[in-house]
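In what follows, chains carry the letters A, B, and so on, assigned in the order in which the sequence lines appear, proteins first and then strands, with residues in each chain numbered from 1.
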Amino acid sequence: MALYSEKVMDHFRNPRNVGVIEDADGVGEVGNAKCGDIMKMYLKIDDDVITDVKFETFGCGSAIASSSMATELIKGKPVSEARQLTNQAVVEALDGLPAHKLHCSVLAQEAIEAALTDYEQKKEKS
Amino acid sequence: MIYADNAATTKMSEGAIATMVSTINETYGNPSSLYEFGQKAKEVLENAREVVAAQIGAEPREILFTSGGSEADNQAILSAAKLGEKDGKKHIISTAFEHHAVLHTLEKLKKEGFEITLLDVHENGIVLPEEVDAAIREDTCLVTIMYANNEIGTIQPIKEIGAVCRRKKVLFHTDAVQAIGHVKIDVNEQNIDMLSASAHKFHGPKGVGFLYAKKGIRLSNLIEGGAQERGKRAGTENVPGIAATATALQEVVADIDKNREHLVPIRDKIIAGLKEIPHSALNGDAERRLPSNINFCFEGIEGESLLLLLDDKGIAASSGSACTSGSLDPSHVLLAIGRVHDVAHGSLRLSLGEDVTDEDADYIIKSVKEVVEYLRGFSPVWRNLVAGKIPFIL
Ligand SMILES: Cc1ncc(COP(=O)(O)O)c(C=O)c1O
């Protein structure tokens, strides 16, 4: 019996959208090193549509896979739709996570939310 | 495939398997039965006891077979506690980095009114005999300190600690689950009153272990029932498992020197190789450690992803990260030697098998370097460290 689903292992081994966007329109970071998980999301947004997204993650296999899957789920989507992303959707797209790893999907959802909030705050200021 | 998790469990030796199979086939009687079938099994059992006892300088009657290391730890500690309680002594000394089989038993006793002192294991993972001495009180009934740590492999000054306990007339138990078969043990010469061992850590079967208890120490039962094991552990004996345990132990003890000579240079080569990784650190004393044990922390990465990627490269290892321990905290052993959470999550334990080769060492070093570099490549923590936004710890 494998620890993770094929999907999780695929996203862990070949994470999509890894990296940094230097001139990102929104950046969100959640978690802390003390707990062993940190996720950072970078968004490029044009006309309220997410045109590019990148992530960096310090964490376990499911944290990396959850970040990767979450970026795929929001890439090319309008901001309003990305706001609706739930951790459940991330879990389902990954064909499930072990119960004690569900918090990784929550973290991914929160990282995106934080990046979107950052984008909206920046937009208000300008 | 390189199996480098021998501290978790080992492969059974061919000799142990052969003994187990022949015992299952030929000696299936119940040792408590009086007819020939039973008496043959009894003979196998008592022969195994003699062999096991001889490997640690004990007498056969001082060996009690159990279901493993955990049971032996539980029985040793609970027995000493009961003896202490009778004399109004309810203080026990141990260390912060014991196996949970010891720590959880001590926690249980704490709820029953015992006072527990957990000694510091210092940055190098070694207990000081003089600190044991200083911690012993009038009401101390037991000192229990592991022989070698299961995560960082550090070997304790057992003989010296035992001498302190003898002088102060306090019972001394050691969990030798990780040490036996790697280090020469003589219970009399090393002043040990009680000792726990587990067969699956020395190429014997899982689910078998033993407790050595010096003659005259009254053990309490964990399991009540029949009169097996001098009445101290009920239940029909696992004769095939016990016979295989004796074979495995005899083999490893005979090879201690040979294995050490083979393993130490390979261990030290891997340690030197991994030290080349920037911002990494060896956990535990570099010399006073098991010949098979390597334990590192790598800053800026998390242990579980490290293990999964090493698994993809055909290397089986373990980590003390929270994600692999199934709790929110990283390994209590790494915290006990002063590693902070941030770096304790990025730990790697390699516990080598005796068949490891020099080429394996090269492959391990190369693979770990690659994986650490890869994971750091998209770690936000590493980015912040490199950018100087947070200070390096290692
Ligand atoms: C130091 C130590 N003590 C006790 C045990 C428990 O042994 P067993 O698995 O035989 O119960 C282990 C095994 O993980 C160990 O490493």
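- Using modelled atom types, no side-chain atom of B/T95 and backbone atom of B/V121 make a donor-acceptor pair closer than 3.5 Å.
- Heavy-atom proximity under 4.5 angstrom to chain B picks out A/F55, A/E56, A/T57, A/F58, A/G59, A/C60, A/G61, A/S62, A/I64 from residues 46-64 of chain A.
- Using a 4.5 Å cut-off on side-chain heavy atoms (C-beta onward), A/L94 and A/Y4 make no contact.
- Between the side chain of B/K108 and the backbone N or O of B/H104, no donor-acceptor pair lies under 3.5 Å.
- Against chain A, no residue from residues 271-283 of chain B qualifies, as none has a non-hydrogen atom under 4.5 angstrom away.
- Nearest heavy-atom pair, B/N295 versus B/R289, reported as atom, atom and distance to 0.1 Å: N-NH2, 3.5 Å.
- Nearest heavy-atom pair across B/H203 and B/A16 is O-CB, 3.6 Å.
- Rounding to the nearest 0.5 Å places CG of B/N149 at 8.0 Å from CG of B/N293.
- By the 4.0 Å N-to-carboxylate-O rule, B/K366 lies close enough to B/E370 to be salt-bridged with it.
- Ion pairing between a basic and an acidic side chain is recognised when a charged N comes within 4.0 Å of a carboxylate O; A/D23 and A/K44 show such pairing.
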Criterion side chain to side chain donor-acceptor pair (under 3.5 Å) on B/D73 and B/H99, from CA distance to verdict:
CA-CA 9 Å; B/D73 282 340; B/H99 190 270; 5.0 Å; no

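- The backbone N or O of B/A7 lies less than 3.5 Å from a partner atom in the side chain of B/S351, making a donor-acceptor pair.
- For the side chain to side chain donor-acceptor pair (under 3.5 Å) with B/S321, the qualifying choice from B/E302, B/E304, B/H341 is B/E302, the only one to do so.
- For a heavy-atom cut-off of 4.5 Å, chain B lies close to no residue in residues 102-120 of chain A.
- Rounded to the nearest 0.5 Å, atoms CE (A/M41) and CE (A/M39) are 6.5 Å apart.
- Rounding to the nearest 0.5 Å gives a distance of 11.0 Å between CG of B/D5 and OG1 of B/T10.
- Most heavy-atom pairs under 4.5 Å with chain B: of the set A/K101, A/K40, A/K34, this distinction falls to A/K34.
- Here the shortest heavy-atom pairing between B/A344 and B/C297 reads CA-SG, 4.2 Å.
- Taking the side chain as every heavy atom from C-beta outward, B/K206 and B/M12 never approach each other to under 4.5 Å.
- Heavy atoms of B/R376 lying under 4.5 Å from chain A are absent altogether.
- Ranked by heavy-atom pairs shorter than 4.5 Å toward chain A, the options B/V340, B/L309, B/L375 are led by B/L309.
- A side-chain donor-acceptor contact under 3.5 Å links B/R349 to the backbone of B/N150.
- Residue-level contacts of residues 81-93 of chain A with chain B do not occur; threshold 4.5 Å between heavy atoms.
- Taking the six-membered ring for Trp, B/W382 and B/F298 have ring centres at least 6.0 Å apart.
- In terms of heavy atoms, A/D25 sits closest to A/I45 at OD2-N, 2.7 Å.
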